[in-house]
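Structure, as structure tokens:
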Amino acid sequence: MRIEDHPVLEFKRGKKISFTYNGEKVEGYEGETIAAALHAAGVQVLSYSDRHRPRGFYCAIGNCSSCFMEVNGESNVKVCIEPLQEGMDVKTQKGKGEIV
Amino acid sequence: MKNVELLVIGGGPAGLCAAISAAEAGVDVLLAERDEWLGGQLVKQTHMFFGSEKQHASVRGVDIGKLLVKKVEEYKNVEVMKNATVLGLYEDRVVTIQQDGNYVKVNPKSVIITTGASEKTLVFPNNDLPGVYGAGAVQTLMNVYGVKPGNKVLMVGAGNIGLIVSYQLMQAGVDVEAIVDASPNIGGYLVHASKIRRMGVPILTRHTVKEAIGKEALEAAVIWELDDKWQPIPGSEQKLDVDVMCISVGLTPLSELLWQIGCKMEFVGELGGFVPTRSDKLQTSLDGIFVAGDVAGVEEASSAMVEGSLAGLSASSYLGYKIDVVKELERDYLNQLNDLRSGPVGEKIRQGLAKALISEQAANPGQGS
Amino acid sequence: MLEKTGVPTKEQIDSAFPSEERMKKGPFVVVECFQKIPCNPCFTACNRDGIKAFEDINDLPDVDHDNCNGCTLCVSKCPGLAIFVVDMTYSEDKALLKIPYEFLPLPQEGDRVMGLSHGGEEVEKVEVIKVQNPKGFDKTPVISLAVSKDKVKVIRSIKVPKERDRSEDEIVCRCSDVTLEEVRELIRTGHTTFDEIKKISRIGMGPCQGRTCSQLVIREIASITGQDPSSLLPGTYRQIVKSLEMGKVIEALEKEEQENK
Amino acid sequence: MVKTAEVVIIGGGISGCAIAYNLAKKGVKDVVVIEKGYLASGATGSCGAGIRQQWGTEMNCKIAKMSCEFFETANEELQYDGDIEFKQGGYLLLASTDKEHEQFKKNVELQNSLGIHSRMLNLDEAKKIVPHLNTEGLVSTAFYEKDGHLNPFHATEAYGKAAERLGAKIYKYTEVTGIEVENGRVKKVKTDKGDIETKVVVNAAGGHSQVIAEMAGVDIPVYSERHQILVTEPLEPLLEPMLMSFSLNIYCQQVPHGGFIMGRGDDTEPRDLRVTSSWQFLDEMIKTATRVLPPLKKARLLRQWAGLYNMTPDRQPIYGKVDEVEGFYLAVGFSGHGFMFGPATGLLMAEYILGEEPTINIDMLGLKRFESGDLILEPSVV
């Protein structure tokens with residue numbers, strides 16, 4: 001799903017890093033968001049709403065609430081704007097988040 | 001709490017130009033940008049801009065962004081905060097900001113709000129299914145991060161953004177199955193439409209989405225035709241096998257901060273929704289609060305840049321900076337804006353602005369000009 | 001014919017209609033009861049002697065069109081659903097036809113639905129003017145339809161599209177999963193500003209702060225109430241624009257304190 | 001709009017709607033409610049919406065108990081097709097000083113004597129109810145499990161709809177512009193949508209009650225000040241009861257939707273009708289809340305707002321007539337607890353206006369008490 005050749009743009013990707021998605025190892029690049037890395041890996045469903053509807057990102061700029069995931073144990077993280085970091089533990093969020 | 005002379009909220013084309021123009025006048029500027037990068041939507045624009053040389057016509061948006069960023073960074077009196085979302089504008093003019101997750105307060109003497117616009121959306125069955133994305137999101141994903149949104153796309157909306165993003169999708173190697181628009185006519189520039197059409201992409205006016213189909217993510221979309229009363233025609237359904245639906249049904253000014261602080265607002269449909277009333281020099285109804293760009297009315301990036309420069313100039317004057325050529329510069333910016341808004345395509349903008357403009361005296365009763 | 005197919009003959013139907021003069025005077029009842037069975041609720045329902053007294057419970061109802069004013073009381077009472085009301089004076093080109101209808105989904109006022117004949121054939125699209133379903137009708141709703149004047153003897157039922165109800169899937173507010181139908185229902189029950197709808201439904205109170213939904217809601221208000229969208233306020237915007245971890249405020253305050261020392 | 005009415009109630013908050021409902025239920029035909037915005041758009045809709053029976057004066061205890069008992073069956077009683085979301089998670093009041101501890105003990109004694117079975121809990125017992133409570137600096141707590149919280153918009157809507165079913169008329173988005181008084185009697189209520197002739201006017205205008213009273217030429221000893229609130233993003237259930245501390249100046253609870261709602265008072269607030277928000281409130285509120293319930297540090301703040309407290313000198317409401325203007329009645333000055341008193345306000349005012357035998361005698365809450373100086377100060381207010 002990554003664009004390799006583009007007629008106008010050149011993508012200078014950062015260092016390759018790995019993180020876990022629901023326990024499985026996934027690779028992404030430094031400098032991209034969690035949502036971008038997951039999308040490149042073919043993951044579209046990021047959370048399930050209160051009524052159990054599957055949700056992906058929608059705005060990709062942190063405006064809406066469609067992309068909440070659990071990151072390193074923290075709920076309600078907007079992964080469309082959250083930078084990816086080496087070793088992050090990312091999980092699908094179901095319903096409302098928790099703080100303990 | 002940090003005291004600043006001028007806070008510019010938003011580092012898109014309007015904000016960058018505002019910061020440059022004020023810095024040039026000698027003002028100490030703090031520029032707060034929500035994203036990790038400056039340039040706003042320019043960063044995603046791979047196409048060449050219209051307009052004239054003064055607004056960098058025939059240069060690609062992404063390169064205009066780079067030019068402006070470079071210029072801003074040359075000024076010692078501009079401090080840039082990236083990854084910094086302004087959270088609140090309070091009545092004592094204190095501004096709270098979240099930067100890299102941290103909470104910061106600043107106390108500016110003057111503020112230029114250039115927060116841009118946000119995308120409108122649509123309601124249809126399963127409109128919240130993963131794979132149904134805003135056009136801006138698709139642009140960010142592919143032009144900032146180099147990730148394809150999917151393989152086959154239905155574009156909803158044939159305004160400039162819908163057309164441009166369709167073109168960009170094709171450049172990224174993604175198939176655009178069709179572009180639909182509920183209106184009887186294509187809303188965007190026709191040259192944009194033609195360059196897509198000649199690549200074999202159907203543009204279906206008077207068509208809209210009936211529903212999205214899919215269990216966990218988008219698997220198909222059903223579109224149907226509308227009659228001249230905008231009612232769907234049963235039996236006209238077409239099912240398209242797409243894994244991405246891109247919603248591009250217009251922009252509306254992102255005006256929350258203006259409401260928070262109590263700027264006078266007016267609904268102007270031609271400008272995308274509620275906009276602040278302002279003088280022709282972009283002073284709002286509140287002393288020392290200026291606006292520029294899409295937040296003042298949705299237009300093209302070229303006008304946003306000129307408005308930014310003008311607002312920067314107005315804020316400098318407000319802060320007491322004497323610029324020799326201020327009248328000349330003002331006239332130049334106003335003339336540029338007039339040019340960009342002249343002609344048949346600018347008709348709507350001109351009508352809208354007429355409703356939002358108030359005299360400088362009325363905009364700012366405390367400050368004689 | 002009636003005996004073999006359930007469809008009455010033209011003569012039978014004609015016999016249920018009053019004179020031309022009477023038809024011009026206003027609403028009247030059409031009782032299409034052509035078989036003697038032991039039944040008289042129509043007589044009992046009428047409180048103005050519109051149906052003449054039965055000598056035998058097996059009598060066919062005999063309508064006194066001078067007394068009947070088309071009040072509709074008997075329509076939902078007829079166990080055979082054989083009573084209709086027609087008003088030829090409804091408008092220049094349309095007549096009002098009231099029919100009993102016991103199926104779901106019920107049509108909604110303003111819907112355009114297919115009118116069906118005695119034999120169930122599609123006749124013409126008709127507009128639903130009123131849907132009456134009060135307790136007293138005991139689950140036999142009466143639907144008022146605007147039909148072409150020459151179809152008052154033809155249309156006796158309607159076909160309401162049974163398309164799967166997709167309203168659950170039309171999401172206006174992602175934060176609180178509020179659907180379009182929920183919003184429309186609130187508008188129909190008198191909630192006519194964004195703020196009012198926001199408070200009662202939580203739309204716009206979630207983490208997106210109304211950025212995604214407010215324009216959709218305002219458009220619905222405008223279209224249902226017929227107001228100009230420019231006269232509708234977008235609701236109150238309050239600090240803060242984007243959610244903030246409370247611990248970060250504490251950190252900032254501690255830092256501030258240290259700097260002040 | 002109607003031209004005449006038996007009773008015109010000014011204010012479509014919980015008080016106004018509950019009074020309208022009770023009057024209509026008692027057979028008054030033409031009851032009209034005039035509301036400037038939408039139902040509950042003023043103080044009712046901006047309040048913390050807690051329901052507490054643990055009060056320090058007999059009158060407040062009685063009124064609160066009566067109201068709470070009504071809310072328990074309000075969905076059915078008012079035939080509401082929605083849900084008022086009444087959750088009885090209790091109120092846990094935190095005592096930080098021995099003095100406060102003693103006051104609580106006194107209050108509990110009074111409450112128990114009135115059928116409110118509150119009790120003192122030591123800190124270990126309190127932690128069983130709120131495991132994440134930071135007990136540092138606390139002395140003891142008082143708890144009553146029947147206190148709780150409900151949704152102010154749905155509660156007011158339920159009353160309004162029920163009143164309308166009984167024939168009352170509610171005019172939303174209608175602003176009262178004047179009250180005509182002739183020969184010491186109310187005669188007419190003027191609004192921006194037309195005038196209504198009436199012999200009875202009820203001032204239930206919450207934060208704007210003094211403005212309405214002035215229109216009838218009446219000076220009432222109340223003032224309004226803003227109180228601010230903040231709410232977090234919705235979270236999975238974590239806190240069952242409302243937490244409240246008078247000395248720390250905080251109330252904090254998690255509503256059924258998942259958000260934490262918290263507020264505090266501020267003595268330095270100017271006495272006016274502004275409902276803007278301040279960053280100073282955020283700072284102070286967050287400091288206290290995260291101290292009382294440390295996991296809140298991880299919670300994300302979503303939004304802040306403010307509403308008006310309509311304050312009286314003794315922090316108890318003013319119910320009843322005004323001697324100088326016949327037909328002008330007051331249900332004002334709730335000092336921050338008008339919402340939780342709503343059902344009692346509705347019933348007691350209806351009885352009072354119709355001259356019926358009162359369920360609770362409210363004479364001592366009349367306007368006269370301020371002349372005689374016969375004040376019993378409510379000690380337990382945030």
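In what follows, every heavy atom counts, from backbone to side chain, and hydrogens, waters and symmetry copies are set aside. As the structure is a prediction and not an experimental result, all values here were calculated from the model. Reminder, nothing fancy here: chain letters follow the sequence lines and each chain counts from 1.
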Interface residues of residues 121-130 of chain B facing chain C - heavy atom cut-off under 4.5 Å: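 So far as heavy atoms go, B:T121, B:L122, B:V123, B:F124, B:P125, B:N126, B:N127, B:D128 are the residues that approach chain C to under 4.5 Å.
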Find the distance between CD1 (C:I218) and OG1 (B:T252) and round it off to the nearest 0.5 Å.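 With rounding to 0.5 Å, CD1 (C:I218) is 8.5 Å from OG1 (B:T252).
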How long is the straight-line distance from CD of B:Q99 back to NZ of C:K248, given to the nearest 0.5 Å?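 One finds 12.0 Å between NZ of C:K248 and CD of B:Q99.
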Using the side chain to side chain contact (heavy atoms under 4.5 Å, CB included) rule, take C:R238 and B:E256 through it: C-alpha gap first, then chi angles, then the decisive distance, then the call. CA-CA 8 Å; C:R238 294 185 163 109; B:E256 296 137 317; over 6 Å; no
Do any of residues 90-98 of chain C have a heavy atom less than 4.5 Å from a heavy atom of chain B, and if so, which, in residue order?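 Residues qualifying by a heavy atom under 4.5 Å from chain B are absent, so none.
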For chain B, find its close neighbours in residues 181-197 of chain C: heavy-atom separation under 4.5 Å, sorted by number, or none.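 Counting heavy atoms that sit under 4.5 Å from chain B, no residue of residues 181-197 of chain C is involved.
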Let me know if [X] has heavy atoms under 4.5 Å from chain B in its side chain, its backbone, both or neither.
X      : result
C:S243 : backbone
C:L216 : side chain
C:R174 : side chain

Between B:G101, B:G269, B:A212, which shows the greatest number of heavy-atom pairs under 4.5 Å with chain C? B:G101
Region of B:V268 in contact with chain C, defined by heavy-atom distances below 4.5 Å: neither
At a heavy-atom separation under 4.5 Å, does B:Q98 approach chain C through its side chain, its backbone, both, or neither? side chain
Quiz: residues 252-260 of chain C side-chain donor-acceptor pairs under 3.5 angstrom, not counting sequence neighbours:
unit_1	atom_1	unit_2	atom_2	d
C:N260	ND2	C:E256	O	3.4

Which one wins on heavy-atom pair count under 4.5 Å against chain B: C:K242, C:R219, C:E220?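 Looking at each option in turn, the highest pair count goes to C:K242.
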In the structure I gave you, are the side-chain heavy atoms of B:K120 and C:T212 within less than 4.5 Å of one another anywhere? no
Is there a side-chain contact between C:Q239 and B:L87 (heavy atoms, below 4.5 Å)?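 When only atoms from C-beta onward are counted, B:L87 and C:Q239 do not touch, as no gap falls below 4.5 Å.
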Over all heavy atoms of both residues, which pair between C:L244 and B:Y103 is shortest? Give the atoms and the distance, please. CD2-CD1, 3.4 Å
Can you name the closest pair of heavy atoms from B:F274 and C:L232 and give their distance? CZ-O, 3.2 Å
NZ (B:K348) with more than 12 external heavy atoms under 6.0 Å: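 For B:K348, atom NZ is not crowded (no more than 12 foreign heavy atoms under 6.0 Å).
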